[in-house]
Amino acid sequence: MKTDDLIAALALDAPALPPRGIERRLLLWMIPAALITLCGVVFWLGLRPDLPAAVVGPTFWAKAAYTLALGGGGFWLLDRLGRPGSSARQPLILLGAVLILVAVLAIVELIALPAGDRMSAMLGRSWQVCARNILVLSVAAAPFVFFAARRFAPTRPMVAGAAAGLLTAGLAATLYGLHCPEYTAAFVAIWYSLGMALSAVAGAVVGRSVFRW
């Protein structure tokens, strides 16, 4: 019997979690994850000086909507993967749609800008540290999410780990917006996405060990 077939067979015999038990457990442990991430933003990076003005503008919330959508997609995907036999198709479609939408917005923005301003829109002032900072903040939050998910029964451990990494990355990137002044769609589509992708890859590696039978 192949390893994947064995895992699937064992998953069928796994004890059922209470209704909404997965969601409640994840949400409960997301609280300390959010707190440790917020502390990292405040005491390590510092809040952006124009934060009071930024939170009443549309670009701040547009950026947060993107990162929250990806984090929410990671939450949904992890929830589905934690239930043996559940389909992961819908959360994957959501994640793909969000990525395509932001990519289209970034392309439209770049086309509308003068040629001399396009590189600046893509690089901003913090392209060298953005992805790294999101990854570090995500790693700080990850232990809480993986602890919450350790009793799940995913048949695809690496995909479940990637989903957990994306969940923590969405949280980290959203709170990172309290520090980061970048606002162009091109910058967010490239560097925020890269930071969250790196977190998902790291989560996949960790998930291979955490979600072992």
Side-chain angles (χ1 to χ4, degrees), residues 17 20-47 60-61 63-83 88 90-92 94-96 98-99 102 126 129-154 156-180 182 188-212:
L17 289 173
R20 301 297 178 186
I22 289 180
E23 294 94 327
R24 286 198 298 267
R25 183 174 177 83
L26 277 176
L27 288 172
L28 177 64
W29 284 100
M30 286 297 289
I31 297 174
L35 290 175
I36 196 70
T37 304
L38 181 60
C39 287
V41 171
V42 173
F43 297 110
W44 173 43
L45 299 172
L47 299 177
F60 177 90
W61 295 107
K63 184 165 61 175
Y66 171 58
T67 55
L68 285 173
L70 289 184
F75 182 100
W76 192 9
L77 180 58
L78 182 59
D79 172 50
R80 288 297 182 89
L81 293 172
R83 303 175 186 273
Q90 290 180 321
L92 289 174
L94 170 66
L95 290 171
V98 171
L99 290 171
V102 170
S126 60
V129 299
C130 178
R132 181 205 67 188
N133 290 344
I134 290 173
L135 176 60
V136 171
L137 292 172
S138 178
V139 168
F144 300 97
V145 173
F146 278 99
F147 181 81
R150 76 192 192 284
R151 295 181 183 176
F152 293 179
R156 288 171 285 179
M158 292 189 70
V159 181
L166 184 58
L167 170 57
T168 61
L171 173 66
T174 301
L175 293 176
Y176 180 64
L178 299 174
H179 161 79
C180 176
E182 309 290 356
V188 173
I190 297 172
W191 304 109
Y192 272 65
S193 298
L194 177 60
M196 289 187 282
L198 292 173
S199 299
V201 171
V205 174
V206 174
R208 187 175 182 179
S209 300
V210 172
F211 301 123
R212 294 178 62 183

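Note that the coordinates shown come from a computational prediction; the quantities given were computed from them, not determined experimentally. We're numbering straight along the sequence, starting at 1.
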Atom [atom1] of [X] and atom [atom2] of [Y]: how far apart are they, to the nearest 0.5 Å?
| X | Y | atom1 | atom2 | value |
| --- | --- | --- | --- | --- |
| F144 | T37 | CZ | OG1 | 8.5 Å |
| L45 | L178 | CG | CG | 10.5 Å |
| R25 | F147 | CZ | CZ | 6.0 Å |
| C180 | L175 | SG | CG | 13.0 Å |

Working note: T168 + F146, criterion side-chain contact (heavy atoms from CB on, under 4.5 Å); need CA distance, chi angles, decisive distance, verdict. CA-CA 10 Å; T168 61; F146 278 99; 5.8 Å; no
Which atoms form the tightest heavy-atom contact between [X] and [Y], and what is the distance?
| X | Y | value |
| --- | --- | --- |
| S138 | A169 | OG-N, 3.4 Å |
| R156 | A88 | NH2-CB, 4.0 Å |
| V41 | L137 | CG2-CD1, 3.8 Å |
| G195 | I134 | C-CG2, 3.9 Å |
| L26 | A148 | CD2-CB, 4.1 Å |
| L171 | A141 | CD2-CB, 4.4 Å |

Hey, does the side chain of E23 reach the backbone of D79 with a donor-acceptor pair shorter than 3.5 angstrom? no
For the backbone of M158 and the side chain of R208, can you confirm whether one donor and one acceptor N or O come within less than 3.5 Å of each other?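 A pair under 3.5 Å: no.
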More than 12 foreign heavy atoms under 6.0 Å from CH2 of W44: is that the case here?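 Enclosed.
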Kindly determine whether Y192 and V102 satisfy side-chain contact (heavy atoms from CB on, under 4.5 Å), including the steps that lead there. CA-CA 11 Å; Y192 272 65; V102 170; over 6 Å; no
Set out, in order, the CA-CA distance, both residues' side-chain angles and the distance that settles side-chain contact (heavy atoms from CB on, under 4.5 Å) for C130 and Y176, then state yes or no. CA-CA 9 Å; C130 178; Y176 180 64; 3.8 Å; yes
Take L95 and L166 through the side-chain contact (heavy atoms from CB on, under 4.5 Å) test and state the conclusion after the steps. CA-CA 10 Å; L95 290 171; L166 184 58; 3.7 Å; yes
Determine all donor-acceptor pairs shorter than 3.5 Å in which one atom belongs to a side chain in residues 67-78; sequence neighbours excluded.
unit_1 : atom_1 : unit_2 : atom_2 : d
T67    : OG1    : K63    : O      : 3.3
T67    : OG1    : A64    : O      : 3.1
T67    : OG1    : T174   : OG1    : 2.7

